K.L.:
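The structure is given below, and queries will be raised subsequently.
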Amino acid sequence: MRREWLATFVARKTAPKGAEALICEAVVTGHHSLSKAMDHRHPMLFTLLGIDVPTGYYGAGHDECHKIASKASTPKAATMTTLAAVVAAWEATTGKHSWRNPTAWDARVLGALVEWGYQPSEVERILLGEEPPSSTEDDSDADAVEASDQASDSAA
């Protein structure tokens, strides 16, 4: 579900507000997800852009990546392409471990995506530090206690 949303998101013409700060943080801190994606020539970026991922140990070659970068002929397009690479790199590193042992970077990227319109699942909300919604079982228990209290009050 998130990857479908991301595929639409990375096709935008311009980056959303605050994208530059996320890009700067990823590049300047040399975040592992981005350096790994760069080492392997951005396979998830190709996937999200709907381009066949070139095969080989390192994925795409320099020429394939250069084509993606060359399409970004304006400053706004270059910013969006770079943001797409950062977000795709993060997405490529997500898995069960991300939700069981979230990092500050996981929360940072997912938080930015939520700001930009992504609707997180319950598990993703936990990563963001939000409390999961109470279950219907808990609600029914509370309703039963309340009904019992009301019955006791009316009997008295």
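Computed from a predicted structure; not experimentally measured.
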K.L.:
Which heavy atom in Met44 sits nearest to a heavy atom in Ala92, and how many Å separate them?
P.N.:
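Met44 and Ala92 have their closest heavy atoms at CB-CB, 3.8 Å.
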K.L.:
I need the full list of ring-ring contact (aromatic ring centres under 6.0 Å, His included) pairs touching residues 67-87, with sequence neighbours left out, sorted by first then second residue.
P.N.:
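The answer is none; no pair qualifies.
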K.L.:
Taking all non-hydrogen atoms of both residues into account, name the closest pair between His42 and Ala85 and its distance.
P.N.:
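Nearest heavy atoms, His42 then Ala85: CE1-CB, 4.0 Å.
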K.L.:
If you look at every heavy atom in Ala37 and Pro43, which pair is closest and at what distance?
P.N.:
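Smallest heavy-atom distance, with atoms named: O-CD, 4.4 Å.
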K.L.:
Where do Tyr118 and Trp5 come nearest, in terms of heavy atoms and distance?
P.N.:
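Tyr118 and Trp5 have their closest heavy atoms at N-CZ2, 3.4 Å.
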K.L.:
When you check the side-chain N and O atoms of Thr47 and Arg3, is any donor under 3.5 Å from an acceptor?
P.N.:
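No, no side-chain donor-acceptor contact under 3.5 Å.
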K.L.:
Between CE of Met80 and NZ of Lys76, what distance do you get to the nearest 0.5 Å?
P.N.:
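If I round to the nearest 0.5 Å, the distance is 13.0 Å.
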K.L.:
Show every salt bridge (Lys or Arg N to Asp or Glu O under 4.0 Å) that has at least one partner inside residues 100-113, sequence neighbours left out.
P.N.:
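Only Glu25-Arg108 qualify under salt bridge (Lys or Arg N to Asp or Glu O under 4.0 Å).
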K.L.:
Which atom pair, heavy atoms only, marks the closest approach of Gly111 to Leu128?
P.N.:
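In this case the closest contact between Gly111 and Leu128 is N-CD2, 3.5 Å.
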K.L.:
Do Phe9 and Leu83 have side chains that approach each other closer than 4.5 Å (heavy atoms only, starting at C-beta)?
P.N.:
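The answer is yes, as the side chains (C-beta and beyond) meet within the 4.5 Å cut-off.
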K.L.:
Report yes if the side chains of Glu91 and Val109 come closer than 4.5 Å at any heavy-atom pair, otherwise no.
P.N.:
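Sidechains of Val109 and Glu91: no contact.
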K.L.:
For Ser121, does its backbone N or O pair with a side-chain atom of Glu124 as donor and acceptor, under 3.5 Å?
P.N.:
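Yes, because the side chain of Glu124 sits within donor-acceptor range (under 3.5 Å) of the backbone of Ser121.
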K.L.:
Can you find a side-chain donor-acceptor pair between Thr29 and His31 that sits under 3.5 Å?
P.N.:
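No - no donor-acceptor pair under 3.5 Å links their side chains.
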K.L.:
So do the side chains of Ser33 and Thr94 get within less than 4.5 Å of each other, counting heavy atoms only?
P.N.:
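No - every pair of side-chain heavy atoms lies 4.5 Å or more apart.
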K.L.:
Output the distance between atom OG1 (Thr103) and atom NE2 (His32), rounded to the nearest 0.5 Å.
P.N.:
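The NE2 atom of His32 is 11.0 Å from OG1 of Thr103, to the nearest 0.5 Å.
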K.L.:
Can a donor-acceptor pair be found, under 3.5 Å and without considering hydrogens, that links the side chain of Trp90 to the backbone of Leu110?
P.N.:
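No; zero donor-acceptor contacts below 3.5 Å.
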K.L.:
Quick one: pull up CG in Leu113 and CG in Leu6 and give me the separation to the nearest 0.5 Å.
P.N.:
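With rounding to 0.5 Å, CG (Leu113) is 6.0 Å from CG (Leu6).
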K.L.:
As an exercise, state the distance from CG of Leu34 to OG1 of Thr93, rounded to the nearest 0.5 Å.
P.N.:
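Leu34 CG to Thr93 OG1: 10.5 Å, rounded to 0.5 Å.
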K.L.:
May I ask you to test the Ile51-Ile68 pair for a side-chain heavy-atom distance under 4.5 Å?
P.N.:
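Answer yes - side chains close enough.
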